[in-house]
Amino acid sequence: MEIRKLSVEVMTETGFLEVIKDVDLTIDEGEIYSLVGESGCGKTVTALSVLRLLGPSFRVKNGSVLFRGRDLLAIPEKEMEKIRGREISMVFQEPMTSLNPVLKIGEQTKEMFVVHLGLKKKEAKERAIELLKEVGFENPEKRYHQYPHQLSGGQRQRVLIAISISLNPKLIICDEPTTSLDVASEWEILNLLLSLVRERKMSMLFITHDLHIVENLSHKIGIMYLGRIVEEQKKDNFFKKPYHPYSQGLLRSAFMRGEKLIPIKGSVPDLKNVPKGCKFHPRCDYVMDLCMREEPKPIRIDDGTWVRCFLYGN
Amino acid sequence: MGEVLSVRELSKTYELKKSVFSIRSSKIRALDKVSLKVNEHETLGIVGESGSGKSTLARCVLLLERPDLGEIHFCGVDLLKLKEKELKPLRRWMQIVFQDPYSSLNPRKRVIDIVSEPILNFNLVDKGTVREKVKDILLSVGLDESFVDKYPHEMSGGQRQRVAIARAICTEPSLLVADEPVSSLDVSIQAQILSLFLKIKEERKLSMIFISHDLNVIRFISERVMVMFKGKIVEEGEKEEIFSNPLHPYTRLLLDYSIRGRGRIRGDEDKEGACVYYGRCEWRGKRCANEAPLLYGTENHRVACFLEGTY
Ligand SMILES: Nc1ncnc2c1ncn2[C@@H]1O[C@H](COP(=O)(O)OP(=O)(O)OP(=O)(O)O)[C@@H](O)[C@H]1O
Ligand SMILES: Nc1ncnc2c1ncn2[C@@H]1O[C@H](COP(=O)(O)OP(=O)(O)OP(=O)(O)O)[C@@H](O)[C@H]1O
Ligand SMILES: [Mg+2]
Ligand SMILES: [Mg+2]
């Protein structure tokens, strides 16, 4: 999948505000791309635009989302329906799309097979049980007949993952799938995702604000700040040498390296008060005159690395 | 170093009705004989998963809620023996900062009123000079004059948490309890607030109880560390000791996951009379099923586990 120059706006009482701007992001086959950024920077909006699930107050200003040769933003809704769930699926942060509380786990797991593949009851049930086993339930037959409230948070997230992979999608988008879980369940779910991606040869867009997870999970990393991807690197290189001052600050704020902690000054401005020029300049230790006037374009450092910052290039 | 706080065998049980119409109820042992000490100018970090009783402990220690059993000695005074009237003047010396800066500040009050309220309550300065005092305190938590007349909704999460800290330290407490004060904040803001806690602790010679489920945070902020699981202390000791030589299987698991990012757990089942960690433990033996281990060891490092040689 390839997102090209995607910009999205949201309508407010005072007019349209830019939520994401010129987002470029490419995920190759079998690749895990982690999109990292603080609250409100536009991660979810980016994910929802790919699936065309943005609410009515949003509009795509320009850009395209290429997926297997087609622009998802240009095809009819009917076509898109065939892509959602089948080719691209999504796992949300649990509270958003938790399971239907009055339906048994089994009913919800087999639904995809019945609706999309038209399987008969018995066959759908067999497939569902297989699936529950694949996501790590030791006793899938028992789980099949339980209700969501009988499962722990981590187990519910497993079921959601099972449903989202049931039709063998090529790409799975995970939006902070573990933020509501404790550390132990969190890493269980991450390990599960990792092995599923490998076995089924899926690609994954992984959205998070947690650099510890990213370090253990991804191939490529994009750092987002105020609606822009400000840096993209292969994972190993990123943790060795982050280029953007914001990336450097994030790493120093997150206990990644020993115990030293050097906070970034200031705070993230809201969408109504977005600064001119480079969006990070009011918080940047290396700010120059140019940064206040102009917004930096992506500068390629090497194959797989680019950064939006005037400190680099010429 | 003198003791500021000493808590002995604090217990608290909540009753939960099975349903509205049912007379049956189940008991949750939120705190089970928890003992701890906080020395002068020392930070005790408490870590544990959701529901392990950390907040209950914080509320009980400050007597925002009465424990069922136990003793709380604050600067030598046995708090549970006091009447509310005798307790009130003491409250000035023990303050709390909560997790959620959105709901812990009254949305209809300005910063000046929020911070001056405790100052005036305890008659620390007179009305005429309170504004100056508030400005000073705000400055010490990194907020300039322009914040004095703001309302909470006009501020970011980090700024609100700074106001909450200002309100907590304005009465010059000797003990500050912080219950997950950075959990709801962004990484870059978390780092700012953590550094602020360290700074005020140094400047004001505070003692702190700092609660978090994030071991990295605990490691950064504390001198001593306590690990809780289902209402019990399972391990406790000097920070370096706990981090370099963790003994309890749960502590090791936490370390594996949060520092190294891997590990394995098994299902959770409760067993009456067993060790609290029995259902989850990879190493459980026969004895663990029928008996709960007590905390055992030295001042430096104590653990509640039968696997340890001391038993
Ligand atoms: N319905 C809406 N109306 C107006 N603004 C919105 C709406 N939804 C989101 N926004 C704004 O769009 C921006 C991006 O939001 P988004 O949900 O993509 O952030 P995020 O990076 O996913 O953050 P988080 O980590 O908190 O989930 C935010 O500033 C948010 O306030
Ligand atoms: N007022 C209450 N009534 C009933 N049960 C309660 C009450 N307060 C807490 N509990 C229960 O007591 C146990 C301990 O809760 P507590 O809030 O102290 O945990 P915690 O360690 O602070 O968790 P978290 O990390 O989620 O904040 C939980 O099982 C909780 O459901
Ligand atoms: Mg989001
Ligand atoms: Mg709590």
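All heavy atoms count here, side chains included; hydrogens, waters and symmetry mates do not. The sequence lines fix the lettering, A, B, ..., with proteins before strands; numbering per chain opens at 1. Small disclaimer: the values here were computed from a predicted structure and weren't measured.
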Q) What distance separates A/L261 CG from B/L198 CG, expressed to the nearest 0.5 Å? A) 8.5 Å
**Q.** Atom CZ of A/R252: over 12 foreign heavy atoms under 6.0 Å
**A.** yes
Q. Which residues satisfy the salt bridge (Lys or Arg N to Asp or Glu O under 4.0 Å) test with B/D149, sequence neighbours excluded?
A. B/R131
Q: Under the side-chain hydrogen bond (donor to acceptor under 3.5 Å, both in side chains) rule, collect the residues that match up with B/K232, sequence neighbours excluded.
A: B/D32
Considering only distance and modelled atom types, tabulate donor-acceptor pairs under 3.5 Å from the side chains of residues 217-227 of chain A, sequence neighbours left out.
residue	atom	partner	partner atom	Å
A/S218	OG	A/S34	OG	3.0
A/S218	OG	A/V214	O	2.7
A/H219	ND1	A/I32	N	2.8
A/K220	NZ	A/T26	O	2.9
A/K220	NZ	A/E31	OE1	3.4
A/Y225	OH	A/R283	NH1	3.3

Q. Which residues, numbered in order, of residues 130-145 of chain A come under 4.5 angstrom of chain B by heavy-atom distance?
A. none
Q) Between B/S188 and A/E38, do the side chains contain an N or O donor and an N or O acceptor separated by less than 3.5 Å? A) yes
(Q) Please check if the number of heavy atoms outside B/E202 that lie under 6.0 Å from its CD is greater than 12. (A) yes
Q.
So for atom NZ, which belongs to B/K199, do other residues, nucleotides or ligands contribute more than 12 heavy atoms lying within a distance under 6.0 Å?
A. yes
Q) Hey, are the side chains of B/S156 and A/V268 touching, using non-hydrogen atoms and a 4.5 Å cut-off? A) no
Q: Kindly compute the distance separating CE (B/M155) from OG (A/S267), expressed to the nearest 0.5 Å.
A: 11.5 Å
Q) Has B/Y14 got more than 12 heavy atoms of other residues, nucleotides or ligands less than 6.0 Å from its OH? A) yes
Q.
Atom NZ of residue position A/K241 - does it have more than 12 heavy atoms of other residues, nucleotides or ligands inside 6.0 Å?
A. no
Q: Would you check if B/Q190 and A/S253 make a side-chain contact, meaning some heavy-atom pair closer than 4.5 Å?
A: no
Q. Is it true that a side-chain atom of B/Q192 and a backbone atom of A/G266 form a donor plus acceptor pair closer than 3.5 Å?
A. yes
